[in-house]
Undergrad: 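Dropping the structure in here first, questions after.
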There are 2 protein chains.
Amino acid sequence: MLKEKYTQYSFLLDRTARRVKQYAQAAFAQKDFDITIDQWAILKVLYNDDPMTHKDLAEKCGKDQPTLTRIIDLLIKKELVQRVEHPDDRRCLQIMLSGNGKQKVEELTPAVAEIRMKAWSNLSEEDFAHFTRILNTIYNNLNQPI
Amino acid sequence: MLKEKYTQYSFLLDRTARRVKQYAQAAFAQKDFDITIDQWAILKVLYNDDPMTHKDLAEKCGKDQPTLTRIIDLLIKKELVQRVEHPDDRRCLQIMLSGNGKQKVEELTPAVAEIRMKAWSNLSEEDFAHFTRILNTIYNNLNQPI
DNA sequence: TAGCAATTATTAGTGTGACAACTAAAATAG
DNA sequence: CTATTTTAGTTGTCACACTAATAATTGCTA
């Protein structure tokens, strides 16, 4: 491979990831969802698998633990989730959706899907398959110590 | 297209972009480059096209202006770039590399290329072409007001 | 030419990301 | 059963992203 050519991907990747996030965030703001993209991602995971410990939730969401702690703090302020003690291990805290939280996920899910789909105009099923495969390969290539 | 399936890409995209950045940052730290990935990106652009105004530099780097202002502040502290006044427009400030900055770019370029290549193990030239095309398509799809 | 609009850069505020250091509790070794 | 190590979570610090608001300057227009 010619090196120079291949060092540009990181710019495109970063730029596109930010654009996707920013587009969705702007749509959330316009529709008064009163929640950020990252907060949404966490609610969505909890909706499917609830309760979960901080550690498991962080792993599932692909965030580190300090970041997760802070996002959960914000979600608690908004009364969308609760922290409850783990029955067997007093180090652990489990997170679960509140009634409000469940309702929020159910209300917003269709609109979020609509927003997310916008990215895939002019692209095919095959493109989607390529894209996810390549992203996962890159992730795994770098998912080791230097 | 089936919507549910296609709403997952944003998670993978975000996760991979963060991993790429974090991998490169860890490599920078290990080699004592004393600079962040985003700071590097700006130095690299300036090396090819120097001087540039804040506005043009922000656009070229895909960053917004407040972010750029702060990164430039940090680069000035490290004495890698300088701000100079625009000859014709006193609103504008132009940024140019210092001697140190130029030297830094020349020293680090090969090592950075090496680090960036790691992501492409197990992938082909064709994958690269797909990947950049799809990223650009997504970017353009979302590069309009909601 | 005086007044208003557009442009360039900065500052403030909030949210997120990475890393290091810390506390508390549990697991394990001796 | 005590002492050490490991694990779960939090806090602190710095860097970056996005929005809104602001200051300074320029350009336009009446």
Side-chain angles (χ1 to χ4, degrees), chain A residues 14-30 33-42 51-59 61-78 83-95 142 145-146, chain B residues 14-30 33-42 51-59 61-78 83-95 142 145-146:
Chain A
D14 188 57
R15 185 178 78 155
T16 303
R18 274 187 290 117
R19 189 75 189 100
V20 165
K21 200 164 182 174
Q22 192 234 345
Y23 177 84
Q25 190 62 65
F28 273 34
Q30 195 203 29
F33 285 180
D34 190 30
I35 205 181
T36 70
I37 302 301
D38 299 276
Q39 291 165 15
W40 169 256
I42 286 169
M52 280 179 100
T53 65
H54 271 234
K55 183 183 164 60
D56 292 343
L57 188 53
E59 192 167 340
C61 297
K63 300 193 177 293
D64 60 13
Q65 288 200 35
T67 298
L68 188 74
T69 293
R70 280 180 254 265
I71 296 179
I72 295 296
D73 287 342
L74 293 172
L75 288 173
I76 288 175
K77 251 190 217 158
K78 296 183 180 179
R83 280 199 183 93
V84 292
E85 286 193 5
H86 192 286
D88 307 327
D89 189 337
R90 278 169 41 205
R91 287 171 306 181
C92 293
L93 294 172
Q94 290 182 317
I95 316 296
L142 302 183
I146 309 166
Chain B
D14 187 57
R15 184 177 79 156
T16 303
R18 273 188 289 116
R19 190 74 191 99
V20 165
K21 199 165 181 172
Q22 193 234 343
Y23 177 83
Q25 190 64 66
F28 273 34
Q30 195 203 30
F33 285 180
D34 188 30
I35 206 181
T36 69
I37 302 302
D38 299 276
Q39 290 165 15
W40 169 255
I42 286 169
M52 280 179 99
T53 66
H54 271 235
K55 182 182 164 60
D56 292 342
L57 187 53
E59 192 168 338
C61 296
K63 301 198 174 291
D64 56 27
Q65 288 200 34
T67 298
L68 188 73
T69 293
R70 276 179 257 272
I71 297 179
I72 295 296
D73 287 342
L74 293 172
L75 287 174
I76 287 176
K77 250 189 219 159
K78 295 183 181 180
R83 279 198 184 95
V84 291
E85 287 192 4
H86 191 287
D88 306 326
D89 190 337
R90 277 167 43 203
R91 289 171 306 184
C92 294
L93 294 172
Q94 290 183 315
I95 317 296
L142 301 183
I146 309 164

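In this text, all values refer to a predicted model and were calculated from it rather than measured experimentally. A, B, ... follow the sequence lines: proteins, then strands. Residue 1 opens every chain.
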Undergrad: Among D:dT19, C:dT16, D:dA8, which nucleotide has an atom closest to any side-chain atom of A:Leu74?
TA: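 For A:Leu74, the side-chain atoms sit closest to C:dT16.
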Undergrad: To the side chain of A:Asp89, which of D:dA15, C:dT8, C:dA25 is closest?
TA: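 Selected nucleotide (nearest to the side chain): C:dA25.
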Undergrad: To the nearest Å, how far apart are A:Arg90 CZ and C:dA27 C1'?
TA: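 Taking atom C1' of C:dA27 as the reference, CZ of A:Arg90 is at 15 Å.
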Undergrad: Roughly how many Å is it from NE2 in B:His86 to P in C:dT7, rounded to a whole number?
TA: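 Answer to the nearest Å: 16 Å.
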Undergrad: From the list D:dC16, C:dT10, D:dA8, which nucleotide is the closest neighbour of the side chain of B:Lys63?
TA: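 Shortest atom-to-atom distance from the side chain points to D:dC16.
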Undergrad: Check the distance between D:dT10's C1' and A:Ile76's CD1 and give it to me in whole angstrom.
TA: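 Value for this atom pair: 13 Å.
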Undergrad: Just the rounded figure in Å: distance from P of C:dC19 to CD of B:Gln30.
TA: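 That distance rounds to 13 Å.
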Undergrad: So what does A:Gln22 hit on the nucleic acid, given a heavy-atom distance under 4.0 Å: a base, only sugar-phosphate, or nothing?
TA: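 Sugar-phosphate, backbone atoms only, no base.
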Undergrad: CD1 of B:Ile72 versus P of D:dA15: gap in Å, rounded?
TA: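 Rounding to the nearest Å, CD1 of B:Ile72 and P of D:dA15 are 14 Å apart.
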Undergrad: Looking at the side chain of B:Thr69, which of C:dT11, C:dT8, D:dA17 is the nearest nucleotide?
TA: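 Among the listed nucleotides, the one closest to the side chain of B:Thr69 is C:dT11.
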Undergrad: Considering only C:dA6, C:dG17, C:dT11, which nucleotide approaches the side chain of B:Pro66 most closely?
TA: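 The closest nucleotide is C:dT11.
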Undergrad: Is the distance from OP1 or OP2 of D:dC16 to the nearest side-chain N or O of B:Thr67 less than 4.0 Å?
TA: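 Negative; the distance criterion is not met.
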Undergrad: I'd like to know whether B:Gln25 forms a side-chain contact (heavy atoms from CB on, under 4.5 Å) with B:Gln22, so could you lay out the CA-CA distance, the side-chain angles of the two residues, the decisive distance to 0.1 Å, and finally the verdict.
TA: CA-CA 5 Å; B:Gln25 190 64 66; B:Gln22 193 234 343; 5.6 Å; no
Undergrad: B:Gln39 has a side chain; which of C:dA9, D:dT19, D:dC16 sits nearest to it?
TA: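 For B:Gln39, the side-chain atoms sit closest to D:dC16.
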Undergrad: If each of A:Lys77 and A:Asp88 is mapped to the nucleotide of DNA chain C with the nearest heavy atom, which maps nearer the 5' terminus, i.e. the 5' end?
TA: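 Comparing both residues, the 5'-ward one is A:Lys77.
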Undergrad: Looking at the base of C:dG17, is there any donor atom on it, or on the side chain of A:Arg70, that sits under 3.5 Å from an acceptor on the other one?
TA: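 Donor-acceptor pair under 3.5 Å: no.
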Undergrad: Send over the distance from B:Ile37 CD1 to C:dG17 P, rounded to a whole Å.
TA: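 B:Ile37 atom CD1 is separated from C:dG17 atom P by 17 Å.
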Undergrad: May I ask you to check whether over 12 heavy atoms, not counting those of B:Lys78, lie within 6.0 Å of atom NZ?
TA: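 Yes - once you tally the heavy atoms of other residues, nucleotides and ligands closer than 6.0 Å, there are more than 12.
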Undergrad: If the cut-off is 4.0 Å, is A:Thr36 near the phosphate of C:dT14, judged by side-chain N/O to OP1 or OP2?
TA: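 Looking at the OP1 and OP2 atoms of C:dT14, neither is under 4.0 Å from any side-chain N or O of A:Thr36.
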Undergrad: Of all the nucleotides listed (D:dT10, D:dT19, C:dG17), which has the minimum atom distance to the side chain of B:Asp64?
TA: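 Looking only at heavy atoms from C-beta outward on B:Asp64, the closest nucleotide is D:dT19.
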Undergrad: If the cut-off is 4.0 Å, is A:Arg83 near the phosphate of D:dT10, judged by side-chain N/O to OP1 or OP2?
TA: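 Affirmative; the distance criterion is met.
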Undergrad: Can you tell me the distance, in whole Å, between the CG atom of B:Asp73 and the C1' atom of D:dA15?
TA: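 Answer to the nearest Å: 13 Å.
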Undergrad: Using a 4.5 Å cut-off on heavy atoms from C-beta on, say whether the side chain of B:Asp73 contacts that of B:Thr69.
TA: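 B:Thr69 reaches B:Asp73 side chain to side chain.
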Undergrad: Carefully, step by step, assess A:His86 and A:Leu93 under the rule side-chain contact (heavy atoms from CB on, under 4.5 Å).
TA: CA-CA 5 Å; A:His86 192 286; A:Leu93 294 172; over 6 Å; no
Undergrad: Can you tell me the distance, in whole Å, between the NE2 atom of A:His54 and the C1' atom of C:dA25?
TA: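 So the two atoms are 16 Å apart, to the nearest Å.
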Undergrad: Given that B:Lys78 and A:Leu68 both sit by DNA chain D, which one's nearest nucleotide is further toward the 5' end?
TA: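 The residue whose closest nucleotide sits nearer the 5' end is A:Leu68.
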Undergrad: Given C:dT10, D:dT10, D:dT19, identify the nucleotide with an atom nearest to the side chain of B:Leu93.
TA: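 Within the option list, the nearest is C:dT10.
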Undergrad: Assess the residue pair B:Arg83 and B:Leu75 against the criterion (side-chain contact (heavy atoms from CB on, under 4.5 Å)); give the C-alpha distance rounded to whole Å, side-chain angles, the decisive distance to 0.1 Å, and a yes or no.
TA: CA-CA 10 Å; B:Arg83 279 198 184 95; B:Leu75 287 174; over 6 Å; no
Undergrad: Do B:Thr36 and B:Phe28 have side chains that approach each other closer than 4.5 Å (heavy atoms only, starting at C-beta)?
TA: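 Side-chain contact under 4.5 Å: no.
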Undergrad: May I ask you to verify if any side-chain N or O of A:Gln25 is less than 4.0 angstrom from the OP1 or OP2 atom of D:dT19?
TA: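 Checking A:Gln25 against D:dT19: no side-chain N or O falls below 4.0 Å of OP1 or OP2.
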Undergrad: Please tell me which of the listed nucleotides, C:dT8, D:dA8, C:dC19, lies nearest to the side chain of A:Arg91?
TA: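 Closest nucleotide among those given: D:dA8.
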Undergrad: Quick check on DNA chain D: between A:Asp56 and B:Asp38, whose nearest nucleotide comes earlier from the 5' end?
TA: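 In this pair, the answer is A:Asp56.
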